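Have a look at the structure below, then the notes.
This is a predicted model, so every value here is computed, not measured. Side-chain atoms are counted along with the backbone in the values below, which use heavy atoms only and exclude waters and symmetry mates.
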Amino acid sequence: MIREAVSSDLKELLELYLFLHEEGMPEDNAHLHDTWEQIMRDPNHHIIVNVIDGKIVSSCVCVIIPNLTRGIRPYAFIENVVTHKDYRCKGYAGECLDYAKQIALDNNCYKMMLLTGSKRPSTLNFYEKAGYNSHDKTAFIQWL
């Protein structure tokens with residue numbers, strides 16, 4: 001079942017992020033909970049989860065970014081696409097991306113973007129099958 005995350009999903013979502021690139025759980029403190037509440041209150045910040053048998057097995061984030069160009073139409077940025085290792089290659093992340101695309105369409109976005117650090121052909125093919133391309137734009141990142 002695809003849905004947007006709710007407040008009670010925090011711990012399970014953080015556990016899923018261990019399959020992304022995290023090396024450990026963040027400290028359970030006020031900063032973590034303040035950040036989570038800020039995300040939960042933000043109407044432009046969507047954490048999409050795919051729940052199978054009561055367990056969050058896949059997720060992505062879709063942020064709608066207001067914009068003054070392209071007819072004052074927003075764009076969507078996708079981040080933190082992840083699937084639990086035991087549930088990969090079953091279409092769950094693709095379902096999350098499809099849900100994110102519907103959010104973008106509902107918000108009149110003119111484009112969706114995502115970045116990946118992966119160079120694995122299987123990951124790149126996954127994003128291409130989901131409708132993304134790596135030909136139209138060049139991404140640059142400055143780590144802070």
Side-chain angles (χ1 to χ4, degrees), residues 1-70 72-132 134 137-144:
M1 172 182 76
I2 303 289
R3 62 172 173 79
E4 291 201 42
V6 296
S7 291
S8 60
D9 289 331
L10 176 59
K11 182 178 184 296
E12 193 172 358
L13 188 63
L14 292 174
E15 289 170 354
L16 179 64
Y17 284 167
L18 294 173
F19 294 98
L20 186 61
H21 50 65
E22 298 300 306
E23 295 181 12
M25 298 282 281
E27 185 178 339
D28 188 355
N29 60 23
H31 179 60
L32 170 65
H33 292 279
D34 289 346
T35 301
W36 180 243
E37 289 306 315
Q38 179 182 356
I39 290 168
M40 290 287 97
R41 286 190 311 268
D42 185 345
N44 289 321
H45 200 136
H46 305 268
I47 298 180
I48 299 154
V49 296
N50 200 334
V51 180
I52 304 299
D53 296 327
K55 177 180 181 161
I56 297 175
V57 300
S58 191
S59 180
C60 73
V61 173
C62 176
V63 179
I64 306 300
I65 302 169
N67 181 40
L68 294 173
T69 66
R70 303 288 180 145
I72 314 175
R73 291 176 64 196
Y75 57 94
F77 190 80
I78 306 301
E79 185 63 63
N80 297 336
V81 180
V82 60
T83 301
H84 187 288
K85 70 178 176 84
D86 296 339
Y87 293 84
R88 292 183 179 159
C89 299
K90 298 179 190 300
Y92 299 134
E95 291 174 351
C96 288
L97 291 176
D98 289 344
Y99 193 98
K101 183 176 181 179
Q102 190 58 55
I103 290 171
L105 290 168
D106 292 347
N107 282 275
N108 196 32
C109 291
Y110 77 94
K111 71 177 177 182
M112 296 178 69
M113 298 184 298
L114 68 79
L115 301 172
T116 181
S118 176
K119 306 295 183 209
R120 291 188 315 230
S122 61
T123 301
L124 302 179
N125 288 336
F126 164 73
Y127 288 126
E128 286 179 1
K129 281 184 175 182
Y132 296 85
S134 60
K137 299 266 184 174
T138 300
F140 291 88
I141 297 174
Q142 183 179 56
W143 297 104
L144 305 174

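- By the neighbour-count criterion of 12 heavy atoms within 6.0 Å, atom CD1 of Ile141 is densely surrounded, having more than that number from other residues, nucleotides or ligands.
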field: side-chain contact (heavy atoms from CB on, under 4.5 Å) evaluation trace for Asp28 with His33
entry: CA-CA 8 Å; Asp28 188 355; His33 292 279; 2.4 Å; yes

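- Relative ring orientation between Tyr75 and Tyr110 is described as perpendicular, the plane-to-plane angle rising above 60° on a 0-90° scale split at 30° and 60°.
- More than 12 non-hydrogen atoms from other residues, nucleotides or ligands lie less than 6.0 angstrom from CZ of Arg3.
- Using a distance-only test at 3.5 Å, with no hydrogens or angles considered, no donor-acceptor pair links the side chain of His46 to the main chain of Ile48.
- Dense packing is recorded around NZ of Lys111, with more than 12 heavy atoms of other residues, nucleotides or ligands lying under 6.0 Å away.
- Listed for the Asn107 side chain is no donor-acceptor partner under 3.5 Å among the backbone atoms of Cys109.
- Relative ring orientation between Phe19 and His84 is described as tilted, the plane-to-plane angle lying within the 30° to 60° band.
- Although no hydrogens or angles enter the test, the distance criterion places no donor-acceptor pair under 3.5 Å between the side chain of Asn44 and the main chain of Val63.
- In this structure, a donor-acceptor pair under 3.5 Å is present between the side chains of Asp106 and Gln102.
- Counting only heavy atoms from C-beta outward, the side chains of Cys96 and Val49 never approach each other to under 4.5 Å.
- For Asp9 (side chain) and Val6 (main-chain N/O), a donor-acceptor pair under 3.5 Å exists by modelled atom type.
- Contact record, Ser7 with Glu37: OG-OE2, 3.9 Å, taken as the closest heavy-atom pair.
- Across Asn80 and His21, no two heavy atoms sit closer than the pair OD1-NE2, 4.3 Å.
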